[in-house]
Amino acid sequence: MPSYDNIYKVVSQIPQGKVATYGQVAELANLCGKPRLVGYALYRVDISSDIPWHRVVNAKGEISYSPLRQGGDHTQKVLLEQEGIEFSSNGKINLCKHLWQPTLEVTY
DNA sequence: ACATTGACCCGTT
DNA sequence: GAACGGGCCAATG
C-alpha cells in the first residue's frame, strides 16, 4: 500500500477553486495524524508532477512557502488566485469559503 | 544501519 | 495570543 500514491490521488482530486489542509489530505490518504508524510510527499514530488500541490495549505489556511520551492515566492499564491481563491489581508485563505469538503469517494 | 531533516499539527506554557 | 516542545513516518547522506 504505497501511502504516497494515496496522497497524490487525494491532492489530484482537489477541485479547482478549493483548497485542502495537510491534515485533511492526510486523513483522506489514510495517513490520519501524520501530516508530515503529506508535506514530505509533496516536497519530493514537487511541481514536476501533475499534482496541484498549490491547493494544499497548512491548517492555518496559509500557504507553506519554502526557500527550496520552485524558486518563486508568491507562485502558489498566484496560482490559487487564478483558481478563484481569495486571500485575506494577512495573505491567508478564506477557509470558510474555499476549504475543500471531501466527498465520500476516495478512489483507491 | 545510524543520524539528520522535512512544505506539519496539536497541546501546553 | 505567541512561543516551545513532542510526535509521527519516510527519504537522504
Side-chain angles (χ1 to χ4, degrees):
Chain A
M1 302 291 202
S3 318
Y4 273 30
D5 221 30
N6 284 333
I7 298 174
Y8 301 144
K9 287 178 185 172
V10 172
V11 177
S12 301
Q13 265 112 61
I14 301 176
Q16 195 175 50
K18 301 258 172 134
V19 293
T21 64
Y22 281 89
Q24 200 108 55
V25 175
E27 281 191 48
L28 292 170
N30 236 13
L31 296 168
C32 327
K34 304 167 240 268
R36 292 207 132 207
L37 304 185
V38 180
Y40 212 80
L42 294 174
Y43 176 70
R44 286 294 325 152
V45 80
D46 104 304
I47 64 177
S48 301
S49 307
D50 301 347
I51 302 171
W53 57 270
H54 55 266
R55 289 184 201 148
V56 185
V57 295
N58 56 12
K60 304 178 194 79
E62 201 176 88
I63 300 174
S64 311
Y65 286 117
S66 178
L68 309 174
R69 188 73 265 129
Q70 47 177 289
D73 33 10
H74 58 272
T75 310
Q76 183 166 1
K77 186 179 175 184
V78 173
L79 288 168
L80 290 172
E81 285 182 328
Q82 288 186 350
E83 305 253 318
I85 295 173
E86 301 175 29
F87 284 80
S88 302
S89 314
N90 208 25
K92 293 185 181 178
I93 304 174
N94 271 359
L95 288 176
C96 306
K97 282 181 63 179
H98 304 293
L99 180 59
W100 176 42
Q101 292 166 1
T103 25
L104 302 175
E105 48 198 323
V106 188
T107 323
Y108 281 103

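Throughout, protein chains are lettered first and strands after them, A, B, ... in sequence-line order, and every chain is numbered starting at 1. Computed from a predicted structure; not experimentally measured. Just so you know, these numbers use all the heavy atoms, side chains as well, and skip hydrogens, waters and symmetry mates.
With rounding to whole Å, A:Asn90 atom CG is found 10 Å from C:dA2 atom P. Here B:dG6 presents its P atom at 14 Å from OH of A:Tyr22, a figure rounded to the nearest Å. Taking atom NZ on A:Lys60 and atom C1' on C:dA3, their separation rounds to 12 Å, with Å as the unit. A:Ile14 places its CD1 atom 14 Å from the C1' atom of B:dA7, with the value rounded to the nearest Å. Atom pair A:Lys77:NZ and B:dA7:P shows a separation of 21 Å (rounding to whole Å applied). Put simply, CG on A:Leu31 is 17 Å from C1' on B:dC10, counting in whole angstrom units.
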Where protein sits on nucleotides 8-13 of chain C, one letter per nucleotide: B base, S sugar-phosphate only, - none, heavy atoms under 4.0 Å:
BBBBS-
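For A:Tyr8, the side-chain contact (heavy atoms from CB on, under 4.5 Å) test picks out A:Tyr4, A:Asp5, A:Ala41, A:Val45, A:Ile51, with sequence neighbours left out. Contacts of A:Gln101 classified as side chain to side chain donor-acceptor pair (under 3.5 Å), with partners at least two apart in sequence or in another chain: none. Remark: A:Gln16 engages A:Arg55, A:Glu83 in a side-chain contact (heavy atoms from CB on, under 4.5 Å) (not counting sequence neighbours).
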Tell me which donor-acceptor pairs under 3.5 Å the side chains of residues 88-95 of chain A have, and how far apart each pair is, sequence neighbours excluded?
| from | atom 1 | to | atom 2 | distance (Å) |
| --- | --- | --- | --- | --- |
| A:Ser88 | OG | A:Lys92 | O | 3.3 |
| A:Ser88 | OG | A:Asn94 | OD1 | 3.2 |

What's the verdict on side chain to side chain contact (heavy atoms under 4.5 Å, CB included) for A:Gln13 and A:Leu28, showing C-alpha distance, side-chain angles and the deciding distance?
CA-CA 10 Å; A:Gln13 265 112 61; A:Leu28 292 170; over 6 Å; no
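Under the salt bridge (Lys or Arg N to Asp or Glu O under 4.0 Å) criterion, no residue pair touches residues 14-24 of chain A, with sequence neighbours excluded.
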